[in-house]
Amino acid sequence: MKIAIGCDHGGINLKPVLTKYLEGKGIEYKDFGTYGTESVDYNDYAVAVSEAVVSGECDLGILICGTGIGMSIMANKIKGIRCGHCHDVFSAKMTREHNDANVLALGERVVGPGLFLEIVEAFISTPFCGQERHARRVAKIKDLENKNFK
Ligand code: RB5
């Protein structure tokens, strides 16, 4: 598994927590920035991470900003991305299990590092359940994308 990761200045302190965790687990990742505390636009990092997931270069994406909101809104504008905005472990598990989410967005100003890593762990370790009703609902998301996205 390879994970695309990205943050803006609002998520810069949690990114090293994430990279240390992934390295400790032996999980490959690609860091799309940002790399410093200078104010940047979350949009650019959401797009870079999402494109790496859509292209197949990475299997899942994790985005961190102040709230996770801007990142999730932006990521969900990209065809093929189902980004779950999760600040609890149950939602992170369910967005994989039922929504087949391929990107997780969180806010550094919302969760501390301990809960953050539990959410990440739930997200990356839970597979899509594959049940017919959930597959049908994910297919309806894809149908809407095909209708509305260029
Ligand atoms: C940056 O101040 C902040 O707006 C951003 O990190 C994010 O929370 C936006 O949704």
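Given the structure is predicted, the values throughout are model-derived calculations rather than measurements. In listed order, ligands and their atoms are each counted from 1. Note: hydrogens, waters and symmetry copies are ignored here, and every other heavy atom, side chains too, is used.
A single hydrophobic cluster is seen to contain both Leu18 and Met1, as judged by linkage of ILVMFWY side chains at heavy-atom distances under 4.5 Å, directly or through other members. A single hydrophobic cluster is not seen to contain both Ile69 and Ile64; linkage of ILVMFWY side chains at heavy-atom distances under 4.5 Å, directly or through other members, places them apart.
Within the structure, ligand 1 lacks Glu108 among the residues with a heavy atom less than 4.0 angstrom away.
The shortest N or O to N or O distance between Gly66 and ligand 1 is under 3.5 Å. Considering backbone and side-chain atoms together, Cys65 places no N or O closer than 3.5 Å to any N or O of ligand 1. The shortest N or O to N or O distance between Thr67 and ligand 1 is under 3.5 Å.
Residues Arg96 and Asp100 are paired through a salt bridge, judged by an N-O separation under 4.0 Å between the basic side chain and the carboxylate.
The presence of a protein heavy atom under 4.0 Å from atom 8 (O) of ligand 1 is confirmed.
Contacts between Met71 and ligand 1 below 4.0 angstrom, taking non-hydrogen atoms only, are absent altogether.
Numbered from 1 in the order shown, with element, the atoms of ligand 1 that lie under 4.0 Å from a heavy atom of His9 read 1 (C), 2 (O). Per-residue contacts place Gly70 under 4.0 angstrom from the following atoms of ligand 1 (heavy atoms of the residue considered): 9 (C), 10 (O). Counting the atoms of ligand 1 from 1 in the order shown, those under 4.0 Å from a heavy atom of Tyr42 are 9 (C). Atoms of ligand 1 lying under 4.0 Å from at least one heavy atom of Asp8, given by number and element, are 5 (C), 6 (O).
Surrounding CD of Glu38 are at most 12 heavy atoms belonging to other residues, nucleotides or ligands under 6.0 Å away. More than 12 heavy atoms of other residues, nucleotides or ligands sit less than 6.0 Å from atom CZ of Phe149.
Nearest protein heavy-atom neighbour of atom 3 (C) of ligand 1: Arg109 NH1, 3.8 Å.
Atoms CD1 and CG, from Ile62 and Asn102 in turn, are 12.0 Å apart once rounded to the nearest 0.5 Å. Of the inter-residue distances, the one linking Asp88 atom CG with Glu118 atom CD reads 11.0 Å to the nearest 0.5 angstrom. Here NZ of Lys79 is found 7.0 Å from CD of Glu145. Values are rounded to the nearest 0.5 Å.
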